[in-house]
Protein chains: 2
Amino acid sequence: MAREMVRQGGRSARIQAEVHRTVNELLKEMDRGAITVPMVAERAGVTPSTIYRRWGDLSDLLADVAVARLRPVADPEDTGAMRSDLEAFVLQYVEEMSSRVGRQMLSDVLGTWEGDAAGQCCQFTYQHLETMRERALQRGEQAFDVSEAIDFIMAPVVYHILFGDREVTPDYCRSVVRRFFRT
Amino acid sequence: MAREMVRQGGRSARIQAEVHRTVNELLKEMDRGAITVPMVAERAGVTPSTIYRRWGDLSDLLADVAVARLRPVADPEDTGAMRSDLEAFVLQYVEEMSSRVGRQMLSDVLGTWEGDAAGQCCQFTYQHLETMRERALQRGEQAFDVSEAIDFIMAPVVYHILFGDREVTPDYCRSVVRRFFRT
DNA sequence: TCCCTTAACGCAATTTCTTAGCGTTAGGCG
DNA sequence: CGCCTAACGCTAAGAAATTGCGTTAAGGGA
């Protein structure tokens, strides 16, 4: 579910916003597994059936909220050089994703294939990397390949966040970027 | 849930096996989202309350089944050389994980933190890589670092399976291994 | 501007799933 | 062989999910 709204103004948009806000609020207060649709509905001031009809079920709703939250609001910071741009980006990404809530958002996104949530989030990353690549080109730097940056930088970081097999520290992030430039 | 059984013989073990078998069967027949606890219970010939008590809820059960299925039954094939060992391993891993069911198992494992399912699966990979490393040492090859193999080989492959942003073809797998040895 | 169409919502009844109490069965140990 | 109790089955109560139907209010056209 969470399809694009046919009607995007007024009541429908208000409810969507309110439900999203409520989910984010609950996500901070309690464990993801403790959240239920009726609970969200009551706090948001709507009836459960509204949520079920619009989003399908709880997983789809959570995935939809996650995608909305992961959707970038601005271009990645311009630090003046390609390498520091990449470093800043991955550090911020990890900062957001390795928290409890961030980790849960990731698995919510990966656990559903409604509206291709995973693909969408992936696109956000691609777009950011592409922006950084073009910036590098304009500076006259020897630019990098976006899909290689995914493989060398993003993939390891995401892997360790998801599987929890090692701390994803800032130092580790920097070492990953360093390794990328030694290819 | 899915804790280690206190009693590991007889009825308890029979039920666990039957429930696992049933889940795997259903996973082949229908979409993961269509499966319910009562459905599993009926087919397995047990009451729903047994499943709820033992596994907690559907996600925990699915994660438990996934971990059991991912648990290796044998050491990775010995192909005679380190590089071909790694290639064979990643090819088989991808073969299993990039199917619809495999993809679902992965997200089930990542979507729960009961019994550290994700960590367990990760351990299986580590163990296999470690086996291959030791084999390489015995052959007198210059062995690789296991955690680097994770970052260079497994992470990209898993990333693309999960996010679905590109086909993980055998050619791609081989190119990932090739890249690893050019470090 | 006002009306018409219909997407989206609220309400309520129904169905299905989940939880919990309690008695029963059957491992595992002395 | 018999005791202890983990684990199961049954059942009832509670919560969540689904569905039909009437109502509200976007959005488009006269």
Side-chain angles (χ1 to χ4, degrees), chain A residues 1-23 25-27 29-65 68 108 111-115, chain B residues 1-23 25-27 29-65 68 108 111-115:
Chain A
M1 283 283 169
R3 62 201 177 288
E4 282 318 298
M5 285 182 292
V6 176
R7 294 186 174 181
Q8 37 186 329
R11 182 170 64 168
S12 186
R14 233 176 7 253
I15 285 180
Q16 146 127 6
E18 186 60 24
V19 168
H20 274 218
R21 200 190 58 69
T22 303
V23 169
E25 199 175 286
L26 288 170
L27 237 25
E29 293 177 21
M30 62 185 66
D31 197 77
R32 182 242 132 106
I35 298 177
T36 68
V37 171
M39 184 187 294
V40 175
E42 193 189 11
R43 269 221 214 183
V46 299
T47 61
S49 62
T50 294
I51 294 182
Y52 286 120
R53 252 193 281 266
R54 193 152 161 187
W55 282 279
D57 64 12
L58 187 63
S59 341
D60 294 339
L61 172 58
L62 289 174
D64 188 47
V65 171
D108 284 336
T112 203
W113 34 103
E114 282 301 328
Chain B
M1 284 284 169
R3 61 203 176 288
E4 282 318 298
M5 283 183 293
V6 177
R7 295 186 174 181
Q8 37 187 326
R11 182 169 64 167
S12 187
R14 235 181 0 259
I15 286 180
Q16 145 129 4
E18 187 59 25
V19 168
H20 274 218
R21 202 191 56 69
T22 303
V23 169
E25 199 174 286
L26 288 170
L27 237 25
E29 293 177 21
M30 62 185 67
D31 197 77
R32 182 240 130 108
I35 299 176
T36 67
V37 171
M39 184 187 295
V40 175
E42 193 190 9
R43 269 222 214 183
V46 299
T47 61
S49 62
T50 294
I51 294 184
Y52 286 119
R53 248 194 291 265
R54 193 151 159 187
W55 282 279
D57 64 13
L58 187 62
S59 340
D60 293 339
L61 171 58
L62 290 174
D64 186 48
V65 171
D108 285 335
T112 204
W113 33 106
E114 280 302 326

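Convention: sequence-line order gives letters A, B, ...; per-chain numbering from 1.
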Listed nucleotide nearest any side-chain atom of A:R14, set D:dC8, D:dA26, C:dA8: D:dA26
In whole Å, what is the span from the CD atom of A:E18 to the P atom of C:dA8? 19 Å
Whole Å only: how far is the CD atom of B:E42 from the P atom of C:dT16? 12 Å
Please report the shortest heavy-atom distance between B:L58 and B:I35, naming the atom on each side. CD2-O, 3.2 Å
Would you kindly give the CH2-to-P distance between A:W55 and D:dT18, to the nearest whole Å? 15 Å
Of the listed nucleotides D:dG9, D:dA26, C:dC17, the one nearest the side chain of A:R11: D:dA26
Among D:dA7, C:dC9, D:dT19, which is the nearest nucleotide to the side chain of A:S49? D:dT19
Find the distance A:I15:CD1 to D:dA25:P and express it as a whole number of Å. 10 Å
In whole angstrom, give the distance that lies between atom CD1 of B:I35 and atom C1' of C:dT16. 17 Å
Winner on side-chain proximity to A:T47, out of D:dG9, C:dG10, D:dA7, is C:dG10
Measure the CG-CZ distance between B:L61 and B:R54 for me, rounded to the nearest 0.5 Å. 10.0 Å
Looking at every non-hydrogen atom in both residues, tell me the closest pair between B:P38 and B:P48 and how far apart they are. CA-CG, 4.2 Å
Expressed as a whole number of angstroms, how long is the span from A:I51:CD1 to D:dT18:P? 13 Å
A:M39 and A:A34 have their tightest heavy-atom pair at CE-O, 3.2 Å
How many whole angstroms separate atom CG of B:D57 from atom P of C:dT19? 7 Å
Could you tell me whether the phosphate oxygens of D:dC8, OP1 or OP2, come under 4.0 Å of any side-chain nitrogen or oxygen in B:R54? yes
Does any N or O donor sit under 3.5 Å from an N or O acceptor when you compare the side chain of B:R53 with the base of C:dT19? no
